[in-house]
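Notes to accompany the following structure.
Note that the coordinates shown come from a computational prediction; the quantities given were computed from them, not determined experimentally. Every number for a ligand or one of its atoms is a count from 1 in the order of the listing.
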Amino acid sequence: MNYYSLNHKSEKTSFRDAVIRGLAPDKGLYFPESVHPLEPDFIKDLENLPDAEIAFRAIEQFVGNEIPEKELREIVKDTLSFDFPLEKVEDDVYSLELFHGPTMAFKDVGARFMARCLGYFNRDRKQDSGKVTVLVATSGDTGGAVASGFLGVEGVDVIILYPSGKVSDIQERQLTTLGQNITALEVNGTFDDCQDMVKTAFLDETLKERNLTSANSINVARWLPQMFYFFFAFKQLKNKNKDVVFAVPSGNFGNICAGIMAGKLGLPVNHFVAATNINDTVPQYLKSGVYSPKPSRQTISNAMDVGNPSNFIRIQQLFDNDIETLKSRFSSYSFTDEATRNTMAALYRKSGYIADPHGAVGYLGLKEYLDKNPGKTGIFLETAHPVKFLDIVEETLGVNVGIPEQIQAVMGKEKVKQNISSYDELKAFLLDAR
Ligand SMILES: *Cc1c(COP(=O)(O)O)cnc(C)c1O
């Protein structure tokens with residue numbers, strides 16, 4: 001499968017090169033050259049197929065012959081080492097729980113798949129061109145998922161930048177305690193500073209032979225496997241006769257963009273709802289037709305504090321760059337922290353369900369759409385385990401959240417990290433670490 005850049009100034013490239021590069025040389029996001037719907041019989045038969053088979057069939061065309069079938073099936077199977085339960089919350093309202101993986105956030109799926117693809121591609125490039133370095137800035141969840149997904153992958157070094165004092169203790173432990181090929185750099189600054197340093201490094205010609213790549217949803221190998229669980233959700237729905245609506249708490253809009261791609265493949269989704277916190281660039285765009293990115297503002301659903309969602313351009317492409325088509329299949333609403341907290345409390349009171357702040361924003365988006373469009377079945381994505389936002393959840397609900405074993409495993413370990421405070425220090429580190 002070939003990929004082209006959505007900036008249209010770089011040449012087309014293979015899946016392999018798109019994964020190794022992350023971003024196209026013209027700084028555009030890669031997009032698959034063609035998308036072929038799957039057989040209608042496959043969709044009808046979802047209930048009878050194992051998850052690994054569904055996932056393989058969904059991703060196969062996007063990889064093409066660049067990973068042999070046997071290897072790709074292994075990669076898919078390894079990626080899916082945990083469950084994706086669909087929990088009923090109310091009549092016709094379900095939570096798709098994506099937090100049962102090693103770091104308890106949905107990013108485990110994309111990170112595990114991407115790590116295994118890069119590991120495969122590296123087997124035959126080791127001698128000639130040296131290691132690949134995954135460089136990633138995190139405001140919390142990405143770092144842990146990438147660290148865990150890439151741990152021990154040969155030929156790949158991972159360097160994670162995180163803002164000092166701005167990630168939770170659990171999140172910091174998840175990225176600083178693994179060792180091996182994972183290095184954590186604690187940046188004296190904000191998430192935006194981390195992000196800027198990473199971007200500068202990608203543009204720095206003198207770092208070329210470090211083969212830097214990204215591991216956020218810009219990378220096609222992290223973005224596309226996120227389709228898998230939209231299929232798994234539909235598979236688990238008992239009553240498939242009503243229209244199905246998915247609501248996704250969105251920051252960089254990679255997750256929902258994968259859902260829309262699953263729709264392109266033939267998954268019968270009636271409508272998509274992107275729910276955001278007050279970082280409302282996309283909801284505003286749908287209202288006004290003007291896309292104006294803003295600096296991000298801090299909220300309690302901090303993994304969605306994004307002012308300029310990088311995957312929105314892919315979503316526009318999926319709807320033929322036509323705002324009317326987009327609006328007929330896609331809605332987006334924004335919610336305050338206060339509404340989010342109230343909803344977490346109300347949900348818990350009414351149904352005993354504990355949602356994390358991100359899941360609660362997704363639920364809010366779903367309800368807003370269903371109120372206006374009744375008679376449909378709604379599924380919101382619960383993107384992180386409540387324990388990852390322990391303080392907010394406990395103070396909002398007045399309950400104790402038990403600590404799952406994945407988290408207990410990192411609690412006692414020592415944090416190992418280096419401190420940096422400027423791009424020059426990052427660069428020196430990258431040059432040194434060769
Ligand atoms: C990353 C993240 C999101 C946002 O996902 P996008 O693909 O960036 O839209 C939502 N919830 C949680 C818990 C996350 O970690």
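For the residue pair Q317 / N321, a side-chain donor-acceptor distance below 3.5 Å is found, with atom types taken as modelled. Side-chain polar atoms of T325 and D320 form no donor-acceptor pair below 3.5 angstrom. With 3.5 Å as the limit, one finds no donor-acceptor pair spanning the side chains of T340 and D337.
Of the options Q171, H358, K107, a side-chain hydrogen bond (donor to acceptor under 3.5 Å, both in side chains) to D141 is made by Q171 and by none of the others.
Remark: ligand 1 atoms within the under-4.0 Å shell around heavy atoms of A384 are 13 (C). Heavy-atom contacts of K107 reach the following atoms of ligand 1: 1 (C), 2 (C), 3 (C), 14 (C), 15 (O) (cutoff under 4.0 Å).
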Report task. Evaluate the ring pair (Phe, Tyr, Trp, His ring centres under 6.0 Å) criterion for residues Y369 and H271: first the C-alpha distance (whole Å), next the side-chain angles of each, then the deciding distance (0.1 Å), finally the verdict. Result -> CA-CA 9 Å; Y369 181 79; H271 204 82; 4.2 Å; yes
Report task. Check the pair Y291 / N308 against side-chain hydrogen bond (donor to acceptor under 3.5 Å, both in side chains), numbers first and verdict last. Result -> CA-CA 9 Å; Y291 188 81; N308 187 10; 3.2 Å; yes
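For atom 7 (O) of ligand 1, the closest non-hydrogen atom of the protein is N255 N, 2.9 Å. Here the protein heavy atom with the shortest distance to atom 12 (C) of ligand 1 is T383 OG1, 3.4 Å. Scanning all protein heavy atoms for the shortest distance to atom 3 (C) of ligand 1 gives F106 CE2, 3.6 Å.
We find that E71 and R116 are not joined by a salt bridge, their nearest charged nitrogen and carboxylate oxygen being 4.0 Å or further apart.
Comparing heavy-atom distances from atom 6 (P) of ligand 1 across T103, V306, N252, L381 singles out N252 as nearest. Of all the listed residues (G251, P309, G259), G251 holds the heavy atom that lies closest to atom 9 (O) of ligand 1.
The shortest N or O to N or O distance between D141 and ligand 1 is under 3.5 Å. Polar contact check, F253 against ligand 1: a nitrogen or oxygen pair lies under 3.5 Å apart. Residue G254 has at least one nitrogen or oxygen atom sitting less than 3.5 Å from a nitrogen or oxygen atom of ligand 1, judged on distance alone.
When non-hydrogen atoms are compared, ligand 1 lies under 4.0 Å from the backbone of P249 (N, CA, C, O) but not from its side chain. At a 4.0 Å heavy-atom cut-off, ligand 1 touches M304 through the side chain alone.
Between I315 and F319 there is a side-chain heavy-atom pair separated by less than 4.5 Å.
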